Undergrad: 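Shown below is the structure under consideration.
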There are 2 protein chains.
Amino acid sequence: MAPPPAPQTMKERILETADKLFYLQGIRAIGVDTIAAEIGISKRTLYNHFPSKDALIAAYLERRFVHARPSDKPPAEQILGTFDSLERRFSAKDFRGCPFVNAVAELGPTDRAVKKIAIAFKESRRVWFRERLTELGVAEAEALATQLVLLVDGSIAQDLVRDDPAMARAAKEAAKVLLRNAGVDVGGGAAKPTATRGKRAPQQ
Amino acid sequence: MAPPPAPQTMKERILETADKLFYLQGIRAIGVDTIAAEIGISKRTLYNHFPSKDALIAAYLERRFVHARPSDKPPAEQILGTFDSLERRFSAKDFRGCPFVNAVAELGPTDRAVKKIAIAFKESRRVWFRERLTELGVAEAEALATQLVLLVDGSIAQDLVRDDPAMARAAKEAAKVLLRNAGVDVGGGAAKPTATRGKRAPQQ
DNA sequence: TTTTGGTTACACAGACCTGTGTAATTAGTC
DNA sequence: GACTAATTACACAGGTCTGTGTAACCAAAA
């Protein structure tokens, strides 16, 4: 049943270790020597698989860029579920903020490559929210998606400095208010009629 | 009229330059040599005023910890004004996120001193929101203040990677919805009566 | 067996960093 | 002028980092 022990390629082993160290301790704080030592390989081998540390950093971020899995739960549940999984991640002791935001903060405004992938990631999250909102028939899906993204990133930043998983719950409560205000039924309180209220979901 | 040219002390000159370089290019990216060279002083002089780079970093962050000036505008206006000034700062080309969040991201979870001042700063902003909300008679000032802080930090993080001042406007719109939902009149739409609505401000 | 490809150990270049030591210099004050 | 305090120039120790060069090694394929 379980697939064979997955003969992990050397490249993947390097990436996996780089990911752990870069993310937990910072890209600038970790040297290639440290990564090689952690795996138990020589630095030469590492450089045989990645031409430079920059290339390794880029590969690290690209590997972090996982797209959301499709789900058949109702869209509103999916949206709010985001905040639940955020809370779970905040509670894990190996959470240290958003790797993309951290990379931009660490590497500075000069590193175009890093910024580019960070933008792409943030945008993909926003689009995901927007699609769920459109499914719900929300009129101003675009604007609301942006606001939800702000709550996500805000809670991540707050948790990064405060180590407080409650930030995810606070974000979820705020998200509920915003959704309800847009005419989405999120349980617990009646949707209030509003000028910007969405029509009933007519999609497909 | 204008005060005399302000005979800036050497310490202040160092701090000012360190601030500019640390904030714009990153703490790890800037060496003490660079700071000294930028001012045109010797590295020795810098070390005569600060015992170590760590001390300089701490002083830099403490100097960034400016407390909000008291205002006599109505509290709701003050709260929303936060997002306006955020938008102005986003539009400036020398904005590069929150120095405290950046420092925590750069220096990692080990640096207790940096984390401590970052927490203190974030908390002071939350308290400021809470006080304004209490003045408005909002019942759940505590929870709402946290949510507003999420919007602030979220828009900062988003602008950091996207360079989009519109993030501040989006945060402001979300804040309006949250305030309105708590019974605060923010103009443009009637406050909706709610279970959690605040009583009329009875404070002092 | 011979060949081939990935790997290892290890030294090293070149850069940059923090922090110190020292003697000379400047500027202000008594 | 003489004394004092800050500043300067400059070398340097000791550390870290990225990236390369090289010869030996090992295992599997031909």
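Small disclaimer: the values here were computed from a predicted structure and weren't measured.
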Undergrad: Nearest-Å distance, CD1 (A:Ile39) to C1' (C:dG6)?
TA: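 Value for this atom pair: 15 Å.
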Undergrad: Please report the distance, rounded to the nearest Å, between CG in B:Leu107 and P in C:dC17.
TA: 16 Å
Undergrad: Taking C-beta and beyond as the side chain, do B:Gln25 and A:Pro109 meet within less than 4.5 Å on heavy atoms?
TA: no
Undergrad: Count the heavy atoms of every other residue, nucleotide or ligand shown that sit under 6.0 Å from CZ of B:Arg28, and state whether that count exceeds 12.
TA: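 Counting neighbours around CZ of B:Arg28, more than 12 heavy atoms of other residues, nucleotides or ligands fall under 6.0 Å, so yes.
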Undergrad: Under 4.0 Å between a side-chain N/O of B:His49 and OP1 or OP2 of D:dT7, yes or no?
TA: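 B:His49 to D:dT7 OP1/OP2: side-chain N or O found under 4.0 Å.
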Undergrad: How long is the line joining CD1 of B:Ile35 and P of C:dC17, in whole Å?
TA: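 Computing the B:Ile35:CD1 to C:dC17:P distance gives 11 Å.
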Undergrad: Between B:Phe95 and B:Tyr23, how do the two ring planes meet: parallel, tilted or perpendicular, split at 30° and 60°?
TA: perpendicular
Undergrad: CD1 of B:Ile14 versus C1' of D:dT8: gap in Å, rounded?
TA: 14 Å
Undergrad: Between B:Arg13 and B:Glu16, does any side-chain N to carboxylate O distance fall below 4.0 Å?
TA: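 Not counted as a salt bridge, because no side-chain N and carboxylate O are separated by less than 4.0 Å.
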Undergrad: Is the distance between the ring centroids of A:His49 and A:Tyr47 under 6.0 Å?
TA: no
Undergrad: Which nucleotides of nucleotides 9-27 of chain D have their base under 4.0 Å from a protein heavy atom (B), which only their sugar-phosphate (S), and which neither (-), written as one string 5' to 3'?
TA: B--------BBBBB-----
Undergrad: Counting only heavy atoms not in A:Arg96, do more than 12 sit closer than 6.0 Å to its CZ atom?
TA: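 Count over threshold, so yes.
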Undergrad: Nearest-Å distance, CZ (B:Arg13) to C1' (D:dA6)?
TA: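 Taking CZ of B:Arg13 and C1' of D:dA6, I get 13 Å after rounding.
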